[in-house]
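Written below as structure tokens is the structure these notes are about.
For ligands, and for the atoms within them, numbers begin at 1 and follow the listed sequence. Values below: all heavy atoms of this structure, side chains included; hydrogens, waters and symmetry mates excluded.
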Amino acid sequence: MSSINYSEKIPNNVNLAEDRTLQRALEQWQPNFLNWWGDMGPEGSQNFDVYLRTAVSVDPQGWAQFGYVKMPDYRWGIFLNPAEAGRKIHFGDHKGEDVWQDVPGEHRANLRRIIVTQGDTEPASVEQQRHLGLTAPSLYDLRNLFQVNVEEGRHLWAMVYLLHRYFGRDGREEAEALLERRSGDQDNPRILGAFNEKTPDWLSFFMFTYFTDRDGKYQLCALAESSFDPLARTTKFMLTEEAHHMFVGESGVSRVIQRTCQAMNELKTDDPGKLRAAGVIDLPTLQRYLNFHFSVTIDLFGADQSSNAATFYSSGLKGRFEEGKRQDDHVLKGQTYRVLDVQNGQLVEKDVPMLNALNEVLRDDYIKDSMAGVERWNKVIEKAGIPFRLKVPHKAFHRNIGTLAGVKVSPEGRVVSEAEWNAKKDEWLPSAEDRAFVASLMGRVAEPGKFANWIAPPVMGINRQPIDFEYVRFN
Ligand SMILES: [Fe+2]
Ligand SMILES: [Fe+2]
């Protein structure tokens with residue numbers, strides 16, 4: 001089960017050849033996917049040889065192989081983690097029963113919606129990032145962008161497999177629609193807000209892969225607990241790929257910080273004007289980008305109180321992050337959770353039924369995890385001897401979903417008037433001028449081992465290759 005058959009048109013470890021109808025349906029979807037990749041995948045990259053990793057097994061030891069690939073020839077396939085014998089449902093009202101190998105009729109609509117929503121984010125991020133290859137700061141970074149892109153394409157395959165295999169005709173229709181929506185399109189946008197934002201420059205890309213791919217990690221972890229076993233198994237394997245995406249973000253931002261700190265020490269200044277003139281990104285600008293990406297991403301977890309979240313949990317569709325490690329009854333009836341509320345224009349805490357607050361529980365787990373990486377960035381600044389610290393903004397800052405959408409809050413968590421918000425928002429979020437400055441730094445660096453001035457080289461290359469390895473051949 002764990003070996004992948006690469007002799008088939010669609011590489012897979014799900015015995016696709018034994019289900020001719022399904023195989024034919026997916027083989028019909030495949031050219032549409034490739035057309036989408038041609039139209040919306042990385043711009044102008046079709047003929048490049050890229051040093052990519054491809055999944056060759058789902059065995060945690062040695063699951064991937066590295067080599068030069070032209071991206072349209074990447075072997076996108078269907079890989080599920082091996083089934084766990086005797087796996088039981090371990091949360092919600094069905095706790096203790098066998099997991100489902102098929103979709104129970106009463107949960108069909110909700111499961112389809114969960115899978116479509118997850119699936120929609122995958123091609124969306126490829127669309128958001130499609131112009132970035134033109135301005136990559138190095139071959140190393142260009143290769144990492146393309147790696148993220150092809151794997152997001154494979155994540156789409158993972159969800160499309162479930163739709164085709166378990167949801168019949170409406171599943172096939174949803175799979176088509178996943179190739180028709182477009183990030184940022186007025187008439188037919190992607191489902192979730194953050195996936196309709198632009199990723200116009202590499203600082204945005206690194207912030208996106210740090211913050212927004214981490215949302216992906218938390219959603220996938222919650223789905224990896226699912227009672228619908230094929231969903232649990234496919235998301236578990238997606239998580240092995242996801243780790244690299246977050247590494248690209250964390251190390252990318254860290255290298256930007258390192259370069260900025262180096263310039264600050266050389267020039268003995270913290271004046272953003274002087275630093276910008278020296279071609280590096282000042283720390284307050286980095287803070288504003290962080291504020292933007294963090295706040296837009298935490299909206300993705302949904303409303304702080306949600307009856308859907310309660311239903312998804314109680315019916316066993318979606319668990320909590322690390323459900324199995326938690327020491328409670330895994331049913332959660334009668335338990336409460338503290339959320340923020342707005343009363344008389346002020347933020348107050350209140351206890352609500354935990355089942356309804358599970359979006360908030362997941363968001364809070366996410367926030368803890370994202371703060372840890374920001375502290376690692378602060379270590380870089382501290383090591384350079386610079387008295388500046390990056391901060392994750394308050395949870396209520398710049399929110400557009402849930403209770404907190406109704407109030408304007410500063411990054412420190414102070415409720416402010418509309419007038420104060422308007423006066424200060426360019427100190428708190430990237431201004432048009434910030435974005436124009438960052439854009440002005442973007443320009444392709446294509447010589448092996450060379451890096452744009454605004455970013456430090458990485459500590460190590462990919463797959464133990466040297467940093468000056470030719471990660472992309474343009475041909
Ligand atoms: Fe993904
Ligand atoms: Fe990702």
Side-chain angles (χ1 to χ4, degrees), residues 33 36-37 40-42 50 52-55 58 63-64 71 74-81 114-130 132-133 141-163 175 178-179 181 183 190-197 199 202 204-224 226 231-253 293-294 296-298 300-301 318 321 362 366 369-370 373 462:
F33 169 82
W36 167 81
W37 181 269
M40 296 311 293
V50 188
L52 292 176
R53 77 175 177 190
T54 304
V58 293
W63 61 275
M71 283 187 284
Y74 187 80
R75 303 303 312 275
W76 286 284
I78 300 160
F79 318 130
L80 270 61
N81 263 21
I114 287 171
I115 292 166
V116 167
T117 307
Q118 178 61 42
D120 193 66
T121 66
E122 316 288 357
S125 66
V126 176
E127 293 167 1
Q128 288 171 294
Q129 295 161 15
R130 70 178 303 252
L132 291 173
D141 290 291
L142 183 60
R143 177 261 166 219
N144 284 347
L145 166 73
F146 290 157
Q147 183 71 60
V148 170
N149 292 161
V150 292
E151 286 174 351
E152 300 305 5
R154 206 205 65 74
H155 291 175
L156 172 61
W157 271 93
M159 294 298 111
V160 163
Y161 164 72
L162 295 177
L163 290 170
L178 284 167
L179 297 176
R181 284 186 287 273
S183 177
R190 292 294 172 184
I191 296 169
L192 300 171
F195 292 89
N196 288 302
E197 298 284 348
T199 311
W202 279 76
S204 302
F205 172 65
F206 292 136
M207 290 288 179
F208 185 98
T209 41
Y210 182 76
F211 286 109
T212 312
D213 281 76
R214 186 175 311 275
D215 158 72
K217 167 186 163 183
Y218 276 77
Q219 300 300 340
L220 294 174
C221 282
L223 297 177
S226 183
L231 176 60
R233 290 167 55 202
T234 199
T235 47
K236 273 184 195 143
F237 186 67
M238 290 161 79
L239 281 162
T240 55
E241 294 167 315
E242 203 61 51
H244 176 69
H245 308 181
M246 290 178 292
F247 160 80
V248 167
E250 181 169 340
S251 59
V253 174
H293 286 272
F294 177 81
V296 165
T297 301
I298 62 174
L300 287 171
F301 292 86
K318 184 175 173 185
F321 178 66
L362 195 60
Y366 167 88
D369 193 27
S370 359
I462 291 294

Relative to the Fe ion (ligand 2), which of the N, O or S atoms in [X] is the closest?
X	result
Glu242	OE2
Asp213	OD2
His245	ND1

Check whether any N, O or S atom of [X], backbone or side chain, sits closer than 2.8 Å to the Fe ion (ligand 1).
X	result
Glu151	no
His155	yes
Glu122	yes

Could you check whether [Y] and [X] have their ring centres less than 6.0 Å apart?
X	Y	value
Phe79	Trp63	no
Tyr74	Trp37	no
Phe206	Trp202	yes

Point to revise | pair Thr209-Glu242: side-chain heavy atoms closer than 4.5 Å | key: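 Not in contact.
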Exercise for review: Measure the shortest side-chain to side-chain distance between Val248 and Phe205 over non-hydrogen atoms and say whether it is less than 4.5 angstrom.
Suggested key: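 Yes, at least one pair of side-chain atoms sits under 4.5 Å.
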Review point. Taking atom CD1 of Ile462 and atom CZ of Phe247, what is their separation to the nearest 0.5 Å?
Key: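 Spacing of CD1 (Ile462) from CZ (Phe247) equals 5.5 Å.
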Practice item. State the atom name: nearest N, O or S atom of Glu152 to the Fe ion (ligand 1). Key: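 Of the nitrogen, oxygen and sulfur atoms in Glu152, the Fe ion (ligand 1) lies nearest to OE1.
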